[in-house]
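Both counts, for ligands and for their atoms, begin at 1 and track the order of listing. Note that this is a predicted model, so its numbers are computed, not measured.
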Amino acid sequence: MERVHTFDEAVQEIRRLTPVPRSETLPTDACLGRILLGEAVAQIDVPPFDRAMMDGYAIVAGQPAPPADARPQGGDSRAAAFRVVGSVAAGTVHPDPLRPGEAVRIMTGAPVPPGANAVVRLEWCSNATETSVEVVHAVAPGESIQPRGDDGRAGDVLLMPGVRISPGHLALCRAFGIGSLTVAAAPTCSVIVTGTELVTGTDGADGAPPLPPGRIYGSNDAFLRGALTADGLHVRQCETLSDDRRQIRQALAAACARSDVVITTGGVSAGDYDYLPGILQELSGHLHVRKVLIRPGAPFVAAKVGAATVFALSGNPAASFVQFETLVRPVLRAALGWADEPFPASGKLLHDMELKPVQHTRILRAHASIHQGEVLVDAQMPQSSGQVSSFSKANCLIRLDAPSVPKGTVVPLRWLDYAR
Ligand SMILES: Nc1nc2c(c(=O)[nH]1)N[C@H]1C(S)=C(S)[C@@H](COP(=O)(O)OP(=O)(O)OC[C@H]3O[C@@H](n4cnc5c(N)ncnc54)[C@H](O)[C@@H]3O)O[C@H]1N2
Ligand code: MOO
């Protein structure tokens, strides 16, 4: 049965429509931003050999070092002489075993020659020539050597399922020889923006095309494509259509046949050309959500068409922005294996809020800043559902469930991506 949902009811209902995360195995370098579904297991020891940590000489050190406070300052009167038998740079090896009394000049990152057990940094040497060097500082076995496997061993589990692959993780996997990862597959998405008034194609060197009377530049496609792409979703198609029922129905049916998720904007309220609810009723047989008690963004449809999940958002840019951020994005992230809630954080209001008494949950654009560990929220900015100017100011959304909210109240908050 079609009914009006509260915000929390709509969140529950929409969760049930969420596509289940599917897994795929990809080259590691293609996994940035994906959620790991398998473990990342080290393939090699790191470092793969005993490695010099300083530029200097590899030697066979005999005696443990004296306590630091007993070491001579600025040189050791018991300077020991070594015969230099070779040189090894990072990326090369010195294969011959070293004997006591021999030294190999060694660079940071080079493998320590067999038999050597310490690296003496250059600053602890004097009278160095091609063939000999004196060590003027006591050196203990192990000095300036990072042993093989010190960073991790083959077989170690380095990343557990559930982490979002970061640039640091890519470096970790590269170092440990992990060439592929099993991650959540990105659902495929299609975006259909509707409205006869919309002029698109504003990008390009020549600037925006001229605007005929009564027309506006469409902006919802820019937002949706950007937001979906930023989350790692694959946007198959993003088209703008006039309010032509036959054309919209055809495009929607085609998009549902080839995408996991279809998002539309416009044409969801009560006007003569608001075709989306009727078309979706025909295609799906059941609208899971038809209207939500939120402001902005009450006109909103969620439905299943075959295997595809469809979200029909309002045309008003701020309404579709709020609907996408709080109703759609969290479930798309769940499909990516990424835990997200509509309002995962909270902040303290810097001012009183007095709003018209309505039964809707208000979702306001706001600017939050952190002072002495506290999140402070200013929601004094344009809040009409047709106003995009607030997009230059807002770095979060807040939720208010009462018309009158005094300064100092802690309210649920969602940081927006790219928040400063
Ligand atoms: N009689 C009623 N009228 C309206 C109701 C209602 O309940 N009864 N709801 C109002 C509310 S609330 C909203 S929100 C809007 C939603 O309207 P639609 O989703 O049908 O959207 P449109 O009418 O197509 O467009 C609304 C507005 O937004 C502009 N728009 C549309 N698409 C874009 C785009 N891609 N980029 C920029 N701007 C866009 C469009 O030109 C309109 O100005 O309905 C109220 N009416
Ligand atoms: O719900 Mo509509 O988005 O306020 O104008």
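Near ligand 2, Pro296, Gly297, Ala298, Pro299, Asn316, Ala319, Ser385 each place a heavy atom less than 4.0 angstrom from the ligand.
Between the side chains of Gln247 and Ser242, no donor-acceptor pair is found at a separation under 3.5 Å. A donor and an acceptor atom, one from each side chain of Gln237 and Arg258, are located under 3.5 Å apart. Residues Ser390 and Arg365 have side chains that bring a donor and an acceptor to within less than 3.5 angstrom of each other. Judged purely by distance below 3.5 Å, without hydrogens or angles, the side chains of Gln372 and Glu374 never pair a donor atom with an acceptor atom. With no hydrogens or angles considered, no side-chain donor-acceptor pair links Thr409 and Lys348 at under 3.5 Å. Between the side chains of Tyr275 and Arg245, no donor-acceptor pair is found at a separation under 3.5 Å. A side-chain N or O of Thr25 and one of Thr182 form a donor-acceptor pair less than 3.5 Å apart.
The side chain to side chain donor-acceptor pair (under 3.5 Å) search around Asp244 returns none, not counting sequence neighbours.
Ring orientation note: the planes of His137 and Trp124 are close to parallel, at an angle under 30° on the 30°/60° scale.
Scanning Lys291, His360, Glu197 for the heavy atom closest to atom 41 (O) of ligand 1 points to Glu197.
By the criterion of a heavy-atom distance under 4.0 Å, both the backbone and the side chain of Asn316 are placed next to ligand 1. Residue contacts with ligand 1, taken as heavy atom pairs separated by less than 4.0 Å, involve Leu198 solely via side-chain atoms from C-beta onward. Here Pro317 has side-chain heavy atoms under 4.0 Å from ligand 1, and that is the only part of it that gets that close. By the criterion of a heavy-atom distance under 4.0 Å, the side chain of Pro299, and not its backbone, is placed next to ligand 1. When heavy-atom distances to ligand 1 are checked against a 4.0 Å cut-off, Asp243 has no atom that comes that close, whether in backbone or side chain.
Considering Ile192, Val193, Val191 in turn, Val193 is the only one that fulfils the side-chain contact (heavy atoms from CB on, under 4.5 Å) rule with Thr240.
Taking a cut-off of under 4.0 Å to the non-hydrogen atoms of Val193, the atoms of ligand 1 that pass are 35 (N). For ligand 1 and Ser314, the ligand atoms under 4.0 Å from any heavy atom of the residue are 14 (S), 19 (O). Taking a cut-off of under 4.0 Å to the non-hydrogen atoms of Gly266, the atoms of ligand 1 that pass are 19 (O), 21 (O), 24 (O). Listed by atom number, the atoms of ligand 1 under 4.0 Å from Val268 heavy atoms are 18 (P), 19 (O), 20 (O).
Here CD of Gln146 is found 4.5 Å from CE of Met53. Values are rounded to the nearest 0.5 Å.
The nearest protein heavy atom to atom 10 (C) of ligand 1 is not closer than 4.0 Å.
Backbone and side-chain nitrogen or oxygen atoms of Ser269 are examined, and one is located within less than 3.5 angstrom of a nitrogen or oxygen of ligand 1. The shortest N or O to N or O distance between Asp274 and ligand 1 is below 3.5 Å. Considering backbone and side-chain atoms alike, Ser385 places every N or O at 3.5 Å or more from each N or O of ligand 1.
Gly297 approaches Phe300 most closely through the heavy-atom pair O-CB, 4.0 Å.
With respect to atom 31 (C) of ligand 1, the closest heavy atom belonging to the protein is Gly315 O, 3.4 Å. The closest protein non-hydrogen atom to atom 2 (C) of ligand 1 is Ala270 CB, 3.9 Å. Looking only at heavy atoms of the protein, atom 38 (N) of ligand 1 is closest to Ile216 CD1, 3.5 Å. Nearest protein heavy-atom contact of atom 34 (C) of ligand 1 is Asn220 ND2, 3.3 Å. Distance from atom 24 (O) of ligand 1 to its nearest protein heavy atom, with residue and atom name: Gly267 N, 3.1 Å. In this structure, the protein non-hydrogen atom closest to atom 36 (N) of ligand 1 is Ser219 N, 2.8 Å.
The salt bridge (charged side-chain N to carboxylate O under 4.0 Å, His left out) pairs that include a residue from residues 311-323 number zero, where partners must be two or more places apart or lie in different chains.
With respect to Asp29 and Arg174, a salt bridge is recorded, a charged nitrogen being found less than 4.0 Å from a carboxylate O.
By the 4.0 Å heavy-atom criterion, Gly386 is excluded from the residues contacting ligand 1.
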Report all side-chain donor-acceptor pairs from residues 265-272 shorter than 3.5 Å, counting only partners two or more places apart or in another chain.
unit_1, atom_1, unit_2, atom_2, d
Thr265, OG1, Asn220, ND2, 3.2
Ser269, OG, Asp274, OD2, 2.9

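Looking at Ser284, its side chain never comes within 3.5 Å of a backbone N or O of Val305 through a donor-acceptor pair.
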